[in-house]
Amino acid sequence: MASQITIRRSPIVLIRTLVSIEVLGFLAYSAAAALGNYEGDIYGRVFLSRVLSYHSAKFMFLSAAQLVITIYAFLRWYYEQYEIKPGLVSHEWGVFVKKWKIVSLERSMTAVATSDPLGKLFHYGTILIK
């Protein structure tokens, strides 16, 4: 085994996170829409209402929020990695604040890292510790 191997989580984790965000966003938007009509109450008092219609502003806000959340979810997936070094496995994650967890391996333990061709292309794989 090489002196150090870096493993990333599967891109399926990223897709699952994005689907979860979409579902939660839809539920939050539906709950907010059920509470009342803010188009005339709040948006009418904002200066932007003279330049942009409520529906255009809502579309732009929701699109921008979705873009920011998608970028954050991707960065969260991208910056998470596992490293196998002789005698230890470390887990690093975090977008704005980096966090680490290090687990020492005993002499009787073995770690095997595998990845399929797609995993080698996108730098992710599976760690099996026995």
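Just so it is clear, the values below take in all heavy atoms, side chains as well, and ignore hydrogens, waters and symmetry mates. Position 1 is the first residue of the sequence, and the numbers go up from there.
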S.K.: Starting at CG of Leu67, measure out to CG of Leu62 and round the result to the nearest 0.5 Å.
M.R.: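 With rounding to 0.5 Å, CG (Leu67) is 12.5 Å from CG (Leu62).
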S.K.: Could you give the distance from CE (Met60) to CG (Leu52), rounded to the nearest 0.5 Å?
M.R.: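 Between Met60 CE and Leu52 CG, I get 6.0 Å after rounding to 0.5 Å.
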S.K.: Suppose the criterion is side chain to side chain donor-acceptor pair (under 3.5 Å): which pairs have a residue in residues 12-27, not counting sequence neighbours?
M.R.: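 The answer is Glu22-Gln66.
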S.K.: Do you reckon Val68 sits in the same ILVMFWY cluster as Phe74, going by side-chain contacts under 4.5 Å, direct or chained?
M.R.: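 Unlinked, Val68 and Phe74 end up in two clusters.
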S.K.: Just checking, any donor-acceptor pair under 3.5 angstrom between side chains of Glu80 and His91?
M.R.: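 Present: a donor and an acceptor within the cut-off.
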S.K.: Side-chain contact test, heavy atoms from C-beta onward, threshold under 4.5 Å: evaluate it for Lys58 versus Tyr29 and give yes or no.
M.R.: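 Lys58 reaches Tyr29 side chain to side chain.
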S.K.: Grab the two heavy atoms, one from Trp93 and one from Trp100, that are nearest each other, plus how far apart they are.
M.R.: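 It is CZ3-C, 4.0 Å.
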S.K.: If we count only N and O atoms by modelled type, under 3.5 Å, do the side chains of Lys101 and Tyr82 hold a donor and an acceptor together?
M.R.: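 No, no side-chain donor-acceptor contact under 3.5 Å.
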S.K.: Flag yes if Tyr79 and Trp77 sit in one hydrophobic cluster, no otherwise; membership is Ile, Leu, Val, Met, Phe, Trp, Tyr, and two members link when side-chain heavy atoms are under 4.5 Å apart.
M.R.: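 In one cluster with Tyr79: Trp77, yes.
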S.K.: Distance check, rounded to the nearest 0.5 Å: Tyr78 atom OH versus Ile71 atom CD1?
M.R.: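 Here the rounded value is 15.0 Å.
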S.K.: Against Ile69, only a single residue in Leu24, Leu18, Ile21 fulfils side-chain contact (heavy atoms from CB on, under 4.5 Å); can you say which?
M.R.: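 The passing option is Ile21.
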S.K.: Check this for me: Lys98, atom NZ, are more than 12 non-hydrogen atoms of other residues, nucleotides or ligands nearer than 6.0 Å?
M.R.: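 Yes, NZ of Lys98 has more than 12 neighbouring heavy atoms, counting only those of other groups under 6.0 Å.
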